[in-house]
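Just below is one structure, and these are the notes that go with it.
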Amino acid sequence: MPRYNHQKIEKKWQAVWEKKRIYRALDSSKKKKYYAMVEFPYPSGDGLHVGHVRSYTAMDIVARKRRMEGYNTLYPIGWDAFGLPTENYAIKTKIHPRIVTKRNTDIFRRQLKSLGFSFDWDREINTTDPAYYKWTQWIFLKLFEAGLAYKAKTTINWCPKDKIGLANEEVVGGACERCGTQVEKREKEQWMLRITAYAEKLLSGLETVDYIPEAKTQQEHWIGKSEGAELRFEIRDMKSEMVRQAHHENFVEIFTTRADTLFGATYVVLAPEHEFIKNYESRITNYEEVKKYIAEAKKKTDIERTSESKEKTGVELKGIKAINPANKKEIPVWISDYVLAGYGTGAIMAVPAHDDRDFAFAKKFNLPIIPVIEGEMSIGDSCYTGEGRLINSGKFNGTHSQKAKSEIVKFIGGNITTQYKLRDWVFSRQRYWGEPIPLVYCEHCAKEQKFKSLGEKINPGWIPVLENHLPVELPNVKKYLPTDTGESPLATIKSWVNVRCPRCKGEAQRETDVMPNWAGSSWYFLRYTDPKNKKAFADAKKLKHWTAVDWYNGGMEHTVLHLLYSRFWNQFLFDQKLVPTREPYKKRTSHGLIMGEGGIKMSKSKGNVVNPDSVVKEFGADALRLYEMFLGPFNQPVAWDPRGIVGMERFLERVWKFCHATYNTQQGTKKPSEHTERLLHQTIKKVSEDIEHLRMNTAVSSLMILLNEMEKNREQCTGATVKKFLLVLSPFAPHITEELWQLLGEKSAKWRSVHLESWPKYDKRKIIDTTFTLVVQINGKVRDSFEVLQHATQKEIEMLAFSRDHIKQALGNIPVKKVIFVPGRLINMVT
RNA sequence: GCCGGAGUGGCGGAAUGGUUUACGCAGAGGACUUAAAAUCCUUGCCCGCAAAGGGUUGUGGGUUCGAAUCCCACCUCCGGCACCA
């Protein structure tokens, strides 16, 4: 028997598979299609992470099983290669990001190939390839034309020392990651995508897809639909009634989901950014203090604003009061950063008796707390946020919250409205390594007022680059640092910025911001269907054949943003009749992170990063694949344990030896033992079902149990049994099973890979056990157990149980009041 | 702070209303060997030679003949975040 040399065997079969192209997906086929997909990696300089291996192995197993089940299977891969780390590396080393990206993708490709994934490498894509991002830009222009892209002022994180804008990720504890300087907020005009226009569609679409429940609820909560009301609070000036006739509206509009608590509103709070404040400047007597607070709020980063959640801050707008429209009482007006300008109307009515944040605020600033809902509450230290019957609410006393909501809105003349938490998507980055935004600003056309699309009308002067001029390629730059005015590095290249207007041919300037790296990943699943197409992002027929993605697995950390963004793009393209399905993914699952030893996150700085290369070299790809599948429940985070992998190595060694032993003795007629046969069929059933639910850990363990059993009953184990075992093991450990299949399998003229054989079916009649272990309990405690026939009746079992010495002894003279019988499991005697 | 998950032997985990600890790792004892590695067998919560008994699924309560599993409150860890009224 030859030694099991994983290095040699794995290399050998990887070469054969590649040469024979056994994993190639066909664009037309009589077979049913199956599209399995994993999140394509960001090719970082650190190389492949064992976390990638976890996800890619699991979907590889699914894809291999589908092929064996007779599907024309697409399992593609590519590179999501735009992004900050590469750009920051370029800034440091002055090496062009394109070169770094090439280097990193070469490493990743080699690593992925060494693990034996059944990717169709003919369809490899790269988001930084101009032939790819041409179409990212093209789709952006479609969004622009449809009026879903617009320029708006937003705040960015600004490092006053480095003089650059920072991503949220680069802000650590409110300070710049590189230099530690306190980060400020700066206003900047940015391109926005109106994802909010799709809020309802994104929400209702969730009902039509098969996502893990956590992903669905996370998305639902993120979209955050809530029915509420807009109510007007009159603003009264304290100095003189005369001012009320001034030029500004003398009311403020608030949004609430709890109109039923209106009588308990004891003050109004505005977001510091609320435009109302400026308009009332002359009438606010403490305007200096207010201005100071607004400036403070602006300085804070989002993270700071969040971490300060425990301690509420705010300033009263002195000199003005609001009128509670329900009871006409005068109440104070405050500003506080716990109210956000971007949600609702940027103003709230505060009901401290029935809202936790309002309660904390009122306690701190000694504002009155008036309960208006009957419920368990003590004014002392908590508030009641539930619903109930109204009190202290005039003629609404006794009405239930549900009913009171609409009645009170009607009573004071407010509007019932629907709000979404979802906000529009900031689509500009003042960076280099991203897709250029293919728009040109033309002063002349802005004045002309001749618009060819809704997008041009909303954004006067912004003209799309002509389709035959796409892609707008990234120009070469020497320095990648953004400029100290906060513009992208592209802004410094005058020869690139200054162009002829695509419309009037006059002098014009390019947009210098680039797209976020969410852009390329928002539609990549479409490009896989036709990756080399030069005329369209993908051919309509091929899209129809392949989409939607049947099963998409990715990280828990992407269940909100990436998933939502790509659903948005796909839904938009569907509305434009450019893709055949509304939803891009039929099924979505998520894998948990792989942590370092002891449950700490793997990171370079902690030095606990496991390199798959060394594991493959020492134990083999098959052992690594099995180990990662065996580690724990797939959807949960797991800690890496370097000792565990030897168990997989031993298992594979035993498979190797056992198959060779079978090969040497398989001549002669043997009858398989009934017991082994039953376990085989049970295992086929269990592995088949476990793969569908990604319960890979229990699938592997059941394969181990079968091997243990076959080893014990070596004499009764036939070649047919072993072959079926190899077939169900093959998706997990593709290399060793291919080698052994060639040894044991049928020899035919044409070479056949184990991975293209049929997936074995189990026989329903063969999986049923003839007996089971009956447990006897007394008052719920286990006292005895014995084997009984599967179809024994309750009477027979009761007789048997009562006649057991052990039970007789335990019961003594105590009468049994009740007997609970659970067929196939237990009998419980209650005394 | 908010949203979504998770807590079971020395360790990773299995069991989703019915025998807690399958499978694997580490440990202990034994077989083979001059010896070691590898391999195989046994063992593996506590008390006990054993039989018997008792304890145990983050903590505290509840529902049930019976709870790791369902309900309530709390603690700790992981992922996400835009204090969303």
Side-chain angles (χ1 to χ4, degrees), chain A residues 168 212-222 224 226 228 254-258 261 269 302-303 305-312 336-340 342-351 354-358 360 385 419-423 555-561 590 592-593 595 597-601 626-627 630-633 635-648 650-651 653-654 657 695 697-698 700-705 708 711 773-785 806 809-810 817-820 822 824-831:
Chain A
N168 282 338
I212 48 165
E214 302 93 290
K216 264 193 199 181
T217 42
Q218 289 262 58
Q219 293 230 338
E220 273 164 21
H221 289 194
W222 190 261
S226 66
I254 66 100
F255 175 75
T256 181
T257 56
R258 293 297 302 272
T261 62
V269 189
D302 286 356
I303 290 160
R305 234 165 124 154
T306 328
S307 64
E308 247 191 2
S309 56
K310 273 178 193 158
E311 192 65 13
K312 293 274 178 287
S336 172
D337 59 10
Y338 84 94
V339 175
L340 300 181
Y343 185 74
T345 58
I348 61 154
M349 65 176 199
V351 186
H354 304 292
D355 181 278
D356 290 322
R357 286 173 308 265
D358 298 345
T385 57
Q419 275 293 329
Y420 297 92
K421 290 178 197 171
L422 187 68
R423 287 187 192 168
M556 221 57 163
E557 68 277 14
H558 290 129
T559 44
V560 181
L561 291 176
S590 288
L593 278 174
M595 315 292 278
E597 274 184 82
I600 327 153
K601 207 169 178 167
L626 271 177
Y627 175 62
F630 188 69
L631 254 176
N635 60 347
Q636 245 130 82
V638 283
W640 188 267
D641 178 0
R643 288 168 306 184
I645 198 161
V646 300
M648 304 304 125
R650 281 179 203 156
F651 171 66
E653 286 274 2
R654 280 166 52 209
K657 281 185 197 160
R695 293 187 297 243
N697 53 336
T698 52
V700 173
S701 90
S702 66
L703 287 164
M704 289 171 167
I705 291 167
N708 291 347
E711 280 182 336
T773 309
L774 179 95
V775 168
V776 187
Q777 295 183 333
I778 296 174
N779 294 328
K781 292 209 176 211
V782 181
R783 294 293 159 182
D784 199 4
S785 69
H806 203 85
Q809 217 172 43
K817 280 187 202 144
K818 199 172 152 191
V819 175
I820 286 149
V822 183
R825 287 200 183 269
L826 58 73
I827 187 164
N828 186 13
M829 299 163 184
V830 186
T831 60

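Throughout, a chain's letter reflects where its sequence line sits, starting with A, and its residues are numbered from 1.
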Under 4.0 Å: is that the gap between some side-chain N or O of [X] and OP1 or OP2 of [N]?
| X | N | value |
| --- | --- | --- |
| A:Arg650 | B:G24 | no |
| A:Lys657 | B:U39 | no |
| A:Arg357 | B:C84 | yes |
| A:Tyr343 | B:A85 | yes |

Let's test this: given Watson-Crick or G-U wobble pairing with both distances under 3.5 Å, identify the partner of [N].
| N | value |
| --- | --- |
| B:U21 | none |
| B:U16 | none |
| B:C74 | B:G58 |
| B:U69 | none |
| B:A38 | none |
| B:C83 | none |

With rounding to whole Å, what would you report as the distance between [N] and [M] at their [atom1] atoms?
| N | M | atom1 | answer |
| --- | --- | --- | --- |
| B:A35 | B:A31 | P | 11 Å |
| B:G18 | B:G12 | C1' | 26 Å |
| B:G61 | B:G13 | P | 28 Å |
| B:A52 | B:U57 | C1' | 25 Å |
| B:A14 | B:C23 | C1' | 8 Å |
| B:C70 | B:A37 | P | 47 Å |
| B:U76 | B:G58 | C1' | 7 Å |
| B:G1 | B:U8 | C1' | 31 Å |

- For the side chain of A:Asp337 and the base of B:C83, is some donor closer than 3.5 Å to an acceptor across the two? yes
- Task: Apply side chain to side chain contact (heavy atoms under 4.5 Å, CB included) to A:Val638 and list each qualifying residue two or more places apart in sequence or on a separate chain.
- Result: A:Arg54, A:Ile594, A:Leu631
- Comparing A:Ile705 and A:Val638 on RNA chain B - which has the more 5′ nearest nucleotide: A:Val638
- Considering heavy-atom distances to RNA chain B, does A:Arg258 or A:Leu631 have its closest nucleotide positioned more toward the 5' end? A:Leu631
Every protein N/O within reach of nucleotides 4-10 of chain B N/O, cut-off under 3.5 Å:
{"residue": "B:G4", "atom": "O4'", "partner": "A:Gln218", "partner atom": "OE1", "Å": "3.3"}

In whole angstrom, give the distance that lies between atom [atom1] of [X] and atom [atom2] of [N].
| X | N | atom1 | atom2 | result |
| --- | --- | --- | --- | --- |
| A:Lys421 | B:A82 | NZ | C1' | 10 Å |
| A:Asp355 | B:C84 | CG | C1' | 11 Å |
| A:Leu340 | B:G1 | CG | C1' | 13 Å |
| A:Phe630 | B:C25 | CZ | P | 8 Å |
| A:Glu597 | B:C78 | CD | C1' | 18 Å |
| A:Gln219 | B:G80 | CD | P | 16 Å |

Taking the side chain as every heavy atom from C-beta outward, state whether [X] and [Y] have any pair of such atoms under 4.5 Å apart.
| X | Y | result |
| --- | --- | --- |
| A:Val269 | A:Arg357 | no |
| A:Glu597 | A:Arg643 | no |
| A:Val560 | A:His221 | no |
| A:Ile348 | A:Asp358 | yes |
| A:Phe630 | A:Ile645 | no |
| A:Glu214 | A:Asn635 | yes |

Quick check for you: to the nearest 0.5 Å, what is the distance between [X] atom [atom1] and [Y] atom [atom2]?
| X | Y | atom1 | atom2 | value |
| --- | --- | --- | --- | --- |
| A:Met349 | A:Thr256 | CE | OG1 | 3.5 Å |
| A:Leu626 | A:Asn697 | CG | CG | 12.0 Å |
| A:His806 | A:Ser785 | NE2 | OG | 9.5 Å |

What's touching nucleotides 17-20 of chain B from the protein side, N or O pairs under 3.5 Å?
{"residue": "B:G18", "atom": "N2", "partner": "A:Gln777", "partner atom": "OE1", "Å": "3.2"}
{"residue": "B:G18", "atom": "N2", "partner": "A:Asn828", "partner atom": "ND2", "Å": "3.3"}

- Measure from the side-chain N and O atoms of A:Thr345 to the backbone N and O of A:Phe255, and report whether any donor-acceptor pair falls under 3.5 Å. yes
- Check for a donor-acceptor pair, side chain of A:Asn779 on one end and backbone N or O of A:Thr831 on the other, with a separation under 3.5 Å. yes
Out of [options], which nucleotide sits closest to the side chain of [X]?
| X | options | result |
| --- | --- | --- |
| A:Glu557 | B:C23, B:G79, B:A85 | B:G79 |
| A:Thr698 | B:G24, B:A85, B:A15 | B:A15 |
| A:Leu593 | B:C65, B:G24, B:G79 | B:G79 |

- Message: Over all strands shown, is A:Val269 touching base, sugar-phosphate only, or nothing at heavy-atom distances under 4.0 angstrom?
- Response: nothing
- Message: Classify A:Asn708 by what it touches in the nucleic acid, base, sugar-phosphate, or nothing, heavy-atom distance under 4.0 Å.
- Response: sugar-phosphate
- Message: Taking ring pair (Phe, Tyr, Trp, His ring centres under 6.0 Å) as the definition, give me every residue that meets it alongside A:Trp222, ordered by chain and number, with sequence neighbours left out.
- Response: none
- Task: Not counting sequence neighbours, which residues clear ring pair (Phe, Tyr, Trp, His ring centres under 6.0 Å) with A:Tyr627? List them please.
- Result: A:Trp640
- Return the minimal non-hydrogen interatomic distance between A:Thr559 and A:Ala215, and the atom names on each side. CG2-CB, 4.0 Å
- Item | Glycosidic conformation of B:G9, taking syn as within 90° of 0 and anti otherwise | syn
- Query: Quick one: what's the B/S/- string for nucleotides 45-58 of chain B, heavy-atom cutoff under 4.0 Å, read 5' to 3'?
  - Reply: -------SSSS---
